[in-house]
Amino acid sequence: MSAGPAGAPAPRPDVLADTLAELTWYEVEAAARRGAVLLWAFGVVEQHGPHLPTGTDVYVPSARLREVRRLLAERDVEALIVPAYYWGVNVVSGSFPASWGVRPELMEQVMADLLAGMARDGFGHVFCFSGHGDALHNRTVHAGVRAGRARSGIDISFVLEPELAERLGLDPDDPCLTRHASPPPSPTSGSGEVDVHAGRWETSLMMHAHPGLVREDVRAQLAPTGLGPDQLAVWRRGYDEARRTTPLGYLGDPASAGREEGQETLRTGAELAADAIEARLRSQGHRG
Ligand SMILES: [Zn+2]
């Protein structure tokens, strides 16, 4: 969160900030004519332990997309950010409060309708991102991309790391995917301890992007869950099994999180995505 003008309080986090929701239709139409591409995050409202807000999976990808847009602009690729989609699919956290989801087929159809509207406005490329690790949510993003491509005929893809594509069992050569390079190993990888939800990795990102929303006093007191791959597999089955495995709602080590680590993770994630987007656009002879 940036500081406000001298003497004014810092602005509240705003998920519509820097999106095309702040533009007029004249400005959106003109951007489409100039060949601007669209960036769109798919998050969810979901519990994130006792220290992070339920909108974490919306705030984090929104921050990442702002950085992706900045990096693309440096390479003469204009991008607009679509307001984040936040009614996703929840399996893992489905038994916790404030963790609602929609049926995958509904999300897929909403995506296809909105993507068709973007195509009608003259946009030729839409890059979709996920802010939420749930496997069914990500399969649904993929299904929505496929449906949007079939309906609109424009270039729509799901930007993701190869590890996620593999976990979902997707074909690496699927035209619906823009696979970026693997992120560097996290500081905790190799320790045998899993850190996947509201732990060190995700808490670091929120401490960087929206420190005012992190319950610092609570975070500092949280013990590491110390769970391994076997328990991760149980947790991933979701609902009551996830709640029994992680009764506090986080899986990892939030107390060891840090703001600089979050900044670095966000920057790296944005660079990898911008590289892959630029390569895809060049391979298609994109003007802009
Ligand atoms: Zn999350």
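What you see is a predicted model, and the numbers here were worked out from it, not measured in a lab. All heavy atoms count here, side chains included; hydrogens, waters and symmetry mates do not. Numbers for residues simply follow the sequence, beginning at 1.
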Sub-3.5 Å donor-acceptor pair from the side chain of [X] to the main-chain atoms of [Y], do we have one?
X: His137; Y: Val89; answer: yes
X: His132; Y: Glu46; answer: no
X: Thr203; Y: Ala198; answer: yes

With Arg64 as the cation and Phe129 as the aromatic partner, state whether NZ or CZ is under 6.0 Å from the six-membered ring centre and within 45° of the axis.
no
If you measure from [atom1] on [X] to [atom2] on [Y], what distance do you get to the nearest 0.5 Å?
X: Glu27; Y: Glu22; atom1: CD; atom2: CD; answer: 10.5 Å
X: Ile81; Y: Leu16; atom1: CD1; atom2: CG; answer: 11.5 Å
X: Glu193; Y: Leu227; atom1: CD; atom2: CG; answer: 8.0 Å
X: Leu80; Y: Leu20; atom1: CG; atom2: CG; answer: 6.0 Å
X: Leu38; Y: Thr19; atom1: CG; atom2: OG1; answer: 11.0 Å
X: Phe127; Y: Ile156; atom1: CZ; atom2: CD1; answer: 10.5 Å

For residues [X] and [Y], is any side-chain donor paired with an opposing acceptor at under 3.5 Å?
X: Asp57; Y: His48; value: yes
X: His142; Y: Asp174; value: yes
X: Asp253; Y: Ser256; value: yes
X: Ser157; Y: Thr178; value: yes
X: Thr245; Y: Gln231; value: no

Kindly state whether the ring of Trp40 and the ring of Phe42 have centres lying under 6.0 angstrom apart.
yes
Is the centre of the His210 ring less than 6.0 Å from the centre of the Tyr59 ring?
yes
Walk me through it: do His286 and Asp155 pass the test side chain to side chain donor-acceptor pair (under 3.5 Å)?
CA-CA 11 Å; His286 171 75; Asp155 180 47; over 6 Å; no
Indicate the atoms forming the closest heavy-atom contact of [X] with [Y], along with that distance.
X: Glu202; Y: Thr56; result: OE2-CG2, 3.7 Å
X: Ala41; Y: Leu65; result: N-CD1, 3.6 Å
X: Gly144; Y: Leu115; result: O-CD1, 3.7 Å
X: Leu272; Y: Ala181; result: CD1-O, 3.6 Å
X: Ala143; Y: Glu108; result: CB-OE1, 3.5 Å
X: His180; Y: Ala276; result: CB-CB, 3.7 Å

Should the pair [X]-[Y] be classified as a salt bridge under the 4.0 Å nitrogen-to-oxygen rule?
X: Asp113; Y: Arg151; value: yes
X: Arg69; Y: Glu78; value: no
X: Glu271; Y: Arg267; value: yes

Flag side-chain contact, heavy atom, 4.5 Å: [X] against [Y]:
X: Glu241; Y: Arg244; result: yes
X: Pro162; Y: Ser182; result: yes
X: Val44; Y: Asp134; result: no
X: Ser99; Y: Thr54; result: no
X: Asp217; Y: Gln221; result: no
X: Leu136; Y: Pro104; result: yes
X: Trp235; Y: Val92; result: yes
X: Tyr239; Y: Val91; result: yes

Do [X] and [Y] share a hydrophobic cluster (ILVMFWY, side-chain heavy atoms under 4.5 Å, transitive)?
X: Val60; Y: Leu71; answer: no
X: Val110; Y: Val82; answer: yes
X: Leu52; Y: Trp100; answer: yes
X: Val141; Y: Val15; answer: yes
X: Leu106; Y: Leu114; answer: no

Given side-chain contact (heavy atoms from CB on, under 4.5 Å), test Ile277 with Leu39 step by step and report yes or no.
CA-CA 10 Å; Ile277 288 171; Leu39 309 175; 4.0 Å; yes
Stepwise, does the salt bridge (charged side-chain N to carboxylate O under 4.0 Å, His left out) test hold for Arg167 with Glu163?
CA-CA 6 Å; Arg167 175 154 70 90; Glu163 292 77 8; over 6 Å; no
Asp275 pairs by salt bridge (Lys or Arg N to Asp or Glu O under 4.0 Å) with which of Arg280, Arg75, Arg179?
Arg75
Evaluate side-chain contact (heavy atoms from CB on, under 4.5 Å) for Glu29 paired with Asp121, printing each intermediate quantity in order.
CA-CA 7 Å; Glu29 184 182 57; Asp121 285 351; over 6 Å; no
Asp240 and Ser95: side chain to side chain donor-acceptor pair (under 3.5 Å), yes or no, with the steps?
CA-CA 6 Å; Asp240 291 354; Ser95 286; 2.6 Å; yes
Candidate pair Tyr250 and His51, rule side-chain contact (heavy atoms from CB on, under 4.5 Å), full reasoning
CA-CA 9 Å; Tyr250 65 96; His51 62 300; 4.2 Å; yes
Looking at [X], I want to see if its [atom1] is surrounded by more than 12 non-hydrogen atoms of other residues, nucleotides or ligands under 6.0 Å.
X: Phe96; atom1: CZ; answer: yes
X: Arg282; atom1: CZ; answer: no
X: Glu166; atom1: CD; answer: no

Test Arg200 against Glu261 for side-chain contact (heavy atoms from CB on, under 4.5 Å), laying out the working first.
CA-CA 9 Å; Arg200 173 172 175 160; Glu261 187 174 314; 2.7 Å; yes
Please determine whether side chain to side chain donor-acceptor pair (under 3.5 Å) holds for the pair Thr246 and His197, giving the CA-CA distance in whole Å, both sets of side-chain angles, and the decisive distance to 0.1 Å.
CA-CA 10 Å; Thr246 57; His197 183 71; over 6 Å; no
